[in-house]
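To start, the structure under review is shown below, and the notes come after it.
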Amino acid sequence: MTTLSPLQIERLKYRPKLPASLDINAIELIEGAPTTAVRDADKIQELFKNTYGKPIVTFKKGAAAENAAMNVGVILSGGQAPGGHNVIAGLYDALKQANPQNKLYGFLGGPSGIIDGKTIEFTDEFIGKYRNTGGFDIIGSGRTKLETEDQFKKSLANCQKLGITGIIIIGGDDSNTNAAMLAEWMIDKGIQVIGCPKTIDGDLKNDQIEISFGFDTAVKTYAELIGNIQRDANSAKKYWHFIKIMGRSASHVALEAALQTQPNITLISEEVEAKKMSLEQIVNYIANIVDKRSEQGKNFGTVIVPEGLIEFFPEMKTLISNLNDIMPELEHDPDYANATSTGEQFNVVLNRISEENVKVFESLPVSIKIQLLMDRDDHGNVQVSRIDTEKLLIEMVQIKLDAMKSQGLYKGKFSAQAHFFGYEGRCAFPSNFDADYCYSLGYNAAALLSNRLTGYLSSVKNLVRPASEWVAGGVPLTMMMNIERRHGTDKPVIQKALVKLDGPVFKALEKNRENWAMNDDYVFPGAIQYFGPAAVCDAVTKTLALEQA
Ligand code: FBP
């Protein structure tokens, strides 16, 4: 990449802001009370004998002190999120400030890099090319699960070869669950492990972690695009736009994008699940609004669909879980493997799934059936980003409206466009918020290492205030864990934060959605701004503002 865009040239010069209290050479560690786990404390304690129960820590300015030299390795894990490069830049700068002898290595291609010993050593020049840029291409990312004894042993050997005594894992809930396991395993081998909260999905958050990095930039990117589409819809007045928004399971991204743009219809997976709404009910809900708007001469509108919606319909959830269970067997079934048509494949599936699921599977369009049978991810989950839920809804709403029309109940015109905004937002130039937050998280991770901590997640709080007032520290990973059933086995995992239906963010949607359905109260956020008034450039998301109010 030798040709730089004008924005890239300017962004390379941006100096991310740090909390005023964070100076790796003059820092004091304040310890809180011992912690427990969010649930299943006894079991978590049993599994994490050495790292369980540690206190939450915060940093404040302290007396100047010298830092011993150390070598550190960093891993980018899972889906890309804007700001990952700045976590590494912050980490690198802190390590070099602490002791110029310190070395930072990057494990290439995600967690597999530490297992296979594929590394690169960072230098000023190399890091300099990636400051304030989006993407994870600096060292690459991957979804390998770091969890077996054999993988841990190989990782240890690779760290020892390079004299690495600190590992930083930048990842979401699953990757940080693995960080907790690695920290526990490495504790008597002299290697510390620290996590950093990453994911555009915004579902790695709790009382201690206000938001995961990348959420801010990704939602602002999607909101810009939705705003543009709404203006197009309102100009041409001829299309209904069904927009699927990324976010594997939680609907935080869709909800925030909706609050920023005020579309006509917003579906929230968590509400669908809580109210046990079927696909048919949702289709009727949309068709009803389409009909009412058409009575006002408005044959256009916008519908926001969270990516994970399909798994939240009770009947689909049961079907998908049944499919997940039979997938490993199906791969070895000659009838399935040798099937010459999708129809034949479907028959094999129909013979294997339970009776209640047969009807649901048969009711789906062929394209969705094929998508439901596609490869699972490393965690055995269906890859929802590859399921065209927005197209499924369009097809079913069309069928419903046709039926209504034939009974004389609907007289409008329905012409729909499908969109999926996901990958567009994951590697955008980080907003000023994410650039600062990520740099602080990385810098802070180095401070946690230099204070001899392990099994902690780097935390930076008070995020609605100016960066100088942010509070840096660490949260024990075990504090966020509980036991969940995953593919038939009980596993310790970091609890995922879903949208709270009694929380202020959902309430803000609930209060307004009837109005937004009928009136075109669209908001056009425009592109993320990096230079200009703070009210525009440093604005936090509505989710963060409402939750931290
Ligand atoms: P992480 O949880 O690893 O941050 O990834 C989240 C995500 O971006 C989801 O929103 C999306 O469903 C998924 O990754 C897509 O995964 P992939 O990049 O493997 O297609």
Side-chain angles (χ1 to χ4, degrees), residues 11 14 16-19 22 74-94 110 130-139 141 168-176 179 194-206 208-222 246-248 250 252-253 256 425-446 448 456-464 467 470-475 477 480 494 496-497 528 530 538-541 543-545 547-548:
R11 283 309 272 174
Y14 179 74
K17 304 181 216 61
L18 272 178
L22 206 51
V74 61
I75 300 170
L76 287 166
S77 180
Q80 284 68 251
H85 289 166
N86 268 27
V87 179
I88 297 181
L91 174 64
Y92 177 84
D93 289 352
Y130 289 91
R131 289 179 189 270
N132 310 306
T133 56
F136 278 7
D137 45 326
I138 190 168
I139 48 173
S141 185
I168 307 294
I169 298 184
I170 302 171
D173 53 342
D174 283 330
S175 309
N176 276 298
I194 298 292
C196 284
K198 170 235 73 168
T199 177
I200 63 154
D201 293 2
D203 56 8
L204 175 48
K205 66 175 170 184
N206 47 51
Q208 308 305 326
I209 301 296
E210 293 178 3
I211 193 65
S212 54
F213 80 75
F215 176 78
D216 185 271
T217 311
V219 287
K220 285 174 179 165
T221 306
Y222 303 141
M246 203 172 238
R248 178 162 218 296
H252 300 292
V253 184
E256 170 69 26
R426 294 204 313 187
C427 286
F429 279 98
S431 60
N432 285 355
F433 174 86
D434 268 331
D436 298 344
Y437 181 40
C438 290
Y439 188 82
S440 302
L441 284 171
Y443 192 103
N444 182 56
L448 293 168
Y456 275 77
L457 191 62
S458 175
S459 91
V460 175
K461 301 205 283 191
N462 211 20
L463 296 170
V464 288
W470 290 354
V471 177
V475 186
L477 286 161
M480 305 170 202
I494 292 180
K496 219 184 240 312
I528 296 176
Y530 302 91
D538 296 339
V540 298
T541 58
T543 302
L544 193 61
E547 284 180 346
Q548 304 304 322

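- Checked against side-chain hydrogen bond (donor to acceptor under 3.5 Å, both in side chains), Tyr14 has the following partners two or more places apart in sequence or in another chain: Lys17, Asp436.
- Minimum heavy-atom separation, Ser77 to Ser175: OG-OG, 2.8 Å.
- Panel note: side chain Asp203, backbone Ala250; no donor-acceptor pair is recorded below 3.5 Å.
- The two atoms that bring Ser458 and Ala445 nearest to each other are OG-N, 3.8 Å, heavy atoms only.
- A donor-acceptor pair is defined here as one N or O able to donate and one able to accept, closer than 3.5 Å; such a pair exists between the side chain of Lys198 and the backbone of Gly79.
- When atom types are taken as modelled, the side chain of Ser440 and the backbone of Leu18 share no donor-acceptor pair closer than 3.5 angstrom.
- Side chain of Ser212 to main chain of Pro197: no donor-acceptor pair is present (N/O by atom type, distance under 3.5 Å, no hydrogens or angles).
- Looking at Asp201 and Arg248, no side-chain N of the basic residue comes within less than 4.0 Å of a carboxylate O on the acidic one, giving no salt bridge.
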Please walk me through it: do Asp137 and Tyr130 pass side-chain contact (heavy atoms from CB on, under 4.5 Å)? CA-CA 9 Å; Asp137 45 326; Tyr130 289 91; 4.0 Å; yes
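- Phe136 and His85 have tilted rings, their planes meeting at an angle from 30° to 60° on a 0 to 90° scale.
- Between the Asn176 side chain and the Ala179 main chain, no donor and acceptor come within less than 3.5 Å of each other.
- Annotation: side chain of Glu256 is not in contact with side chain of Tyr222 (no heavy-atom distance under 4.5 Å).
- Distance CD1/Ile211 to CG/Leu544: 6.5 Å, rounded to 0.5 Å.
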For side-chain contact (heavy atoms from CB on, under 4.5 Å), just list the numbers for Thr199 and Phe215, CA-CA rounded to whole Å, side-chain angles, deciding distance to a tenth of an Å, and then say yes or no. CA-CA 7 Å; Thr199 177; Phe215 176 78; over 6 Å; no
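- A pairwise comparison of heavy atoms in Ala428 and Thr221 identifies CB-OG1, 3.7 Å as the closest pair.
- The heavy-atom pair separating Phe213 from Ala81 by the smallest distance is CE1-O, 3.6 Å.
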Please walk me through it: do Val475 and Asn206 pass side-chain contact (heavy atoms from CB on, under 4.5 Å)? CA-CA 11 Å; Val475 186; Asn206 47 51; 5.6 Å; no
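- In this structure a side-chain-to-backbone donor-acceptor pair under 3.5 Å is missing from His252 to Gly247.
- Between the side chain of Asp173 and the backbone N or O of Lys496, no donor-acceptor pair lies under 3.5 Å.
- The pair Arg131-Asp93 counts as a salt bridge, with a side-chain nitrogen and a carboxylate oxygen less than 4.0 angstrom apart.
- Here the CG atom belonging to Leu457 is positioned 5.5 Å from the CG atom belonging to Leu477, to the nearest 0.5 angstrom.
- From Cys196, atom SG reaches atom CD1 of Ile75 across 11.5 Å, with rounding to the nearest 0.5 Å.
- A distance-only check finds a donor-acceptor pair linking the side chain of Glu210 to the backbone of Leu463 [under 3.5 Å].
- Rounded to the nearest 0.5 angstrom, Tyr437 OH and Asn432 CG are separated by 16.0 Å.
- Side-chain contact between Lys205 and Thr543: present, with at least one pair of heavy atoms (C-beta onward) separated by less than 4.5 Å.
- Residue Ser431 comes nearest to Thr217 through the heavy atom pair N-OG1, 3.0 Å, listed as atom of the first residue, atom of the second, then distance.
- In this structure, the side chain of Asn86 engages the main chain of Ala435 through a donor-acceptor pair within 3.5 Å.
- One finds the CG atom of Asn444 at 12.0 Å from the OH atom of Tyr456 (value rounded to the nearest 0.5 Å).
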Mind running side-chain contact (heavy atoms from CB on, under 4.5 Å) on Ile88 and Ile170 for me, showing each step along the way? CA-CA 9 Å; Ile88 297 181; Ile170 302 171; 4.0 Å; yes
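- The CD atom of Gln208 lies 7.0 Å from the OG atom of Ser459; values are rounded to the nearest 0.5 Å.
- The minimum heavy-atom distance linking Gly135 with Cys427 is given by the pair CA-SG, 3.4 Å.
- Side chain of Thr541 to main chain of Asp216: no donor-acceptor pair is present (N/O by atom type, distance under 3.5 Å, no hydrogens or angles).
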